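No experiment lies behind these values; they were computed from the predicted model shown.
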Amino acid sequence: MNEVLKLYLSMSFSGGLLILALFLGKLLLQDRISRQWQYYIWMIVILRLLLPFGPEMNLLGKIYQAADQAMSQTAVSRQRQSAFHEEGGALTAGDDQEWNTEPMNDSVEGPMAGWLLQDVRELLSNHIWLIWLVTALGLVIRKVTIYQGFIRYIHAGLMPVSDVAMLDRLSVAAKRAGMKKPVELCINPLISSPLLIGFFHPCIVLPDADISEKDFQYTIVHELTHYKRRDMLYKWLAQVTVCLHWFNPLVHLMNREMMKACEFSCDEAVVVKTGCANAKEYGQTLLDAMWAVGRYQEKLGALTLNENKQLLKERLRAIMRYKKPSKAVTFLTVLLTLCVAFGAVFLGVYQMGNGAGNVYAAGLHDSTPVDTADKPSYQPHLSLNSSAAEYYENNSLPQFSAIFSRLREEEQNQWLERIYTDGQIAFWGAVVGQMDEDVLEEWLDKALEDGNIQFQSVLFNALDREDEFEEKQEKQEKEWAEAQRAEYQAAGVTMDGKNCYYQGQLVNIFLDVRSTNQSFYTLDMNPKGTVNIRIIRGEDEKITGVAYLTEAEITELFGNWDEPDEAAE
């Protein structure tokens, strides 16, 4: 395997292990650790994924060195066995070998064809890293293009604020935040939420100039906090990491978690600055931001006040439960940071030029030389299925990806069937770059027929048809929304834009739980509403009625706004 590809795979593998470790730690610690720590700790993982450096003695380096030595010794053994076979010696294949039993003739056409096939395989193996590089560059260009289109859209409808009072309040807030650069304030009625744009010339964009003084103050502090912490640069660094490790689903998972942690950490920073006593008012500002009228919701190019409405409940709970960390929590935070940093160093990366080539050379020039200069060598086919199975069972993604390219076509097809059946999207993403376009099209047809969204996403991406996948998802979501609206209408609930009405009254809280374990629900809020309702569904998930929410249910839903929950004590 090419040295560059080995290095890249080792970086992705070690970074993936760190991602899994952090997710496990989050499950164990839950919300005992600062939200800001949960946000910035991902920087260590990003550095591990981007920097091709590590100590000479590390775990990944040892693993790859052992694999290189085993592959080199196998190659030496095959060459000797081939020469011995040609000289008429007896040769017996081992359990993990499969020999071509076609009789040899005096012609060299068979061996020459074998040489040609072997040269083609080695050429592809040594340059497969180009596929990764071209795909990564294509993704980076696509993201930059999307961002440029977003900026052009924002600037097309941008209107500078001329209200002197608002500008004065902005100036005072920027001065308190320690801003040395002037901050612009503009209006764009097409955006869905207040946002911050501009790397070097920051500009806060509001959906509407008609905003209360309280909401304006918290919005400004929120967006200035983003700029002060350089969250936009951090966000783009994560996007570049995703592009470079496009086939690793754990990196995509890290990116989504990091984007969510960005807003949680910013909320925490705002509460610290404004005081815990104002947490309820800040939470109300988040609720008000839900109802900002807008149509464009691009998440890559800007930092918004309310980036994901589905996470609103969790953000509100986090705001109300925030308390200054104790010394014990601070000590634990420092300890965990050191553990993650040392873990990144210990995992390391593959060391290029680690001596595996010398092992191979030594094997070819030991005390039993093989003279094959005067005759073509006969290379039998070595089955690698047993090694592939071992790597697959042990979840050794880089090793499996490397050995997959050396399997015969029928063996690769068998593995693709197994990976698809098992739903191993990580292994699928690792080998998708080794498939022909025709094979990708066949699997895409199967994924579309089965309704397998995860595999569809990877295959559309591999075929460079991401736009088609996005259009398909958008169409499905639109059809679902229309069907849902009709179902609500039949139950007596009508939707008028973002307003919801029940029995002629505007709804304040609307709750619809659509799964028995309450893992999927719709929660909409309109401060102007007068009634609170919830949708009642049967075991078949169909609507059976509508009920008014009781005060107890509302308290259970949002917690106590006046004091933190006991769990936070």
| query | Could you walk me through whether Glu470 and Arg142 pass the salt bridge (charged side-chain N to carboxylate O under 4.0 Å, His left out) check? | reply | CA-CA 14 Å; Glu470 293 175 359; Arg142 179 175 180 272; 2.6 Å; yes
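- Using cut-offs of 30° and 60° on the angle between ring planes, the pair Phe23 and Trp42 is tilted.
- Annotation: cation-pi geometry not satisfied between Arg465 and Phe460 (NZ/CZ under 6.0 angstrom from ring centroid, within 45° of ring axis).
- Ring orientation note: the planes of His226 and His222 are nearly perpendicular, at an angle over 60° on the 30°/60° scale.
- Figure legend: cation-pi geometry between Arg406 and Phe404 absent, as NZ or CZ is not positioned both under 6.0 Å from the six-membered ring centre and within 45° of its axis.
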I would like to know whether Met254 and Val251 meet side-chain contact (heavy atoms from CB on, under 4.5 Å); could you show each step before the answer?
-> CA-CA 5 Å; Met254 176 201 71; Val251 177; 4.3 Å; yes
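- Judged by distance alone, the side chains of Glu268 and Ser34 do bring a donor and an acceptor atom under 3.5 Å apart.
- Side chain to side chain, Tyr392 and Asp422 meet the donor-acceptor criterion of an N or O pair below 3.5 Å.
- The pair Asp467-Lys472 fails the salt-bridge criterion, with no side-chain N (NZ, NE, NH1 or NH2) lying under 4.0 Å from an Asp/Glu carboxylate O.
- Using a 4.0 Å cut-off between a side-chain N of Lys or Arg and a carboxylate O of Asp or Glu, Lys475 and Glu482 do not qualify as a salt bridge.
- Smallest separation of non-hydrogen atoms from Ile44 and Thr337: CD1-O, 4.1 Å.
- Exactly one residue among Phe427, Trp443, Trp415 makes a ring pair (Phe, Tyr, Trp, His ring centres under 6.0 Å) with Tyr420. That residue is Trp443.
- Using a cutoff of 4.0 Å between basic side-chain nitrogens and carboxylate oxygens, Glu257 and Lys260 are scored as salt-bridged.
- In Gln454, the CD atom is not crowded: 12 or fewer heavy atoms of neighbouring residues, nucleotides or ligands sit closer than 6.0 Å.
- Ring geometry for Tyr147 against Trp236 counts as perpendicular: the plane angle is over 60°, on a 0 to 90° scale with 30° as the lower cut.
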From CA spacing to verdict: side-chain contact (heavy atoms from CB on, under 4.5 Å), Leu244, Leu49:
CA-CA 9 Å; Leu244 293 177; Leu49 289 166; over 6 Å; no
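- For Glu409, the CD atom is loosely surrounded, since the number of other residues' heavy atoms within 6.0 Å does not exceed 12.
- Panel note: side chain Glu223, backbone Ile204; no donor-acceptor pair is recorded below 3.5 Å.
- With hydrogens and angles ignored, the 3.5 Å screen pairs a side-chain donor or acceptor of Thr241 with a backbone N or O of Leu237.
- Panel note: side chain Gln38, backbone Ile33; a donor-acceptor pair is recorded below 3.5 Å.
- Counting heavy atoms of neighbouring residues, nucleotides and ligands inside a 6.0 Å radius, atom CD of Glu474 does not exceed 12 of them.
- Side chain of Gln424 to main chain of Ile419: no donor-acceptor pair is present (N/O by atom type, distance under 3.5 Å, no hydrogens or angles).
- Phe199 CZ: more than 12 foreign heavy atoms inside a 6.0 Å radius.
- Judged by distance alone, with hydrogens and angles left aside, the side-chain atoms of Tyr234 form a donor-acceptor pair with the main-chain N or O of Tyr39 at under 3.5 Å.
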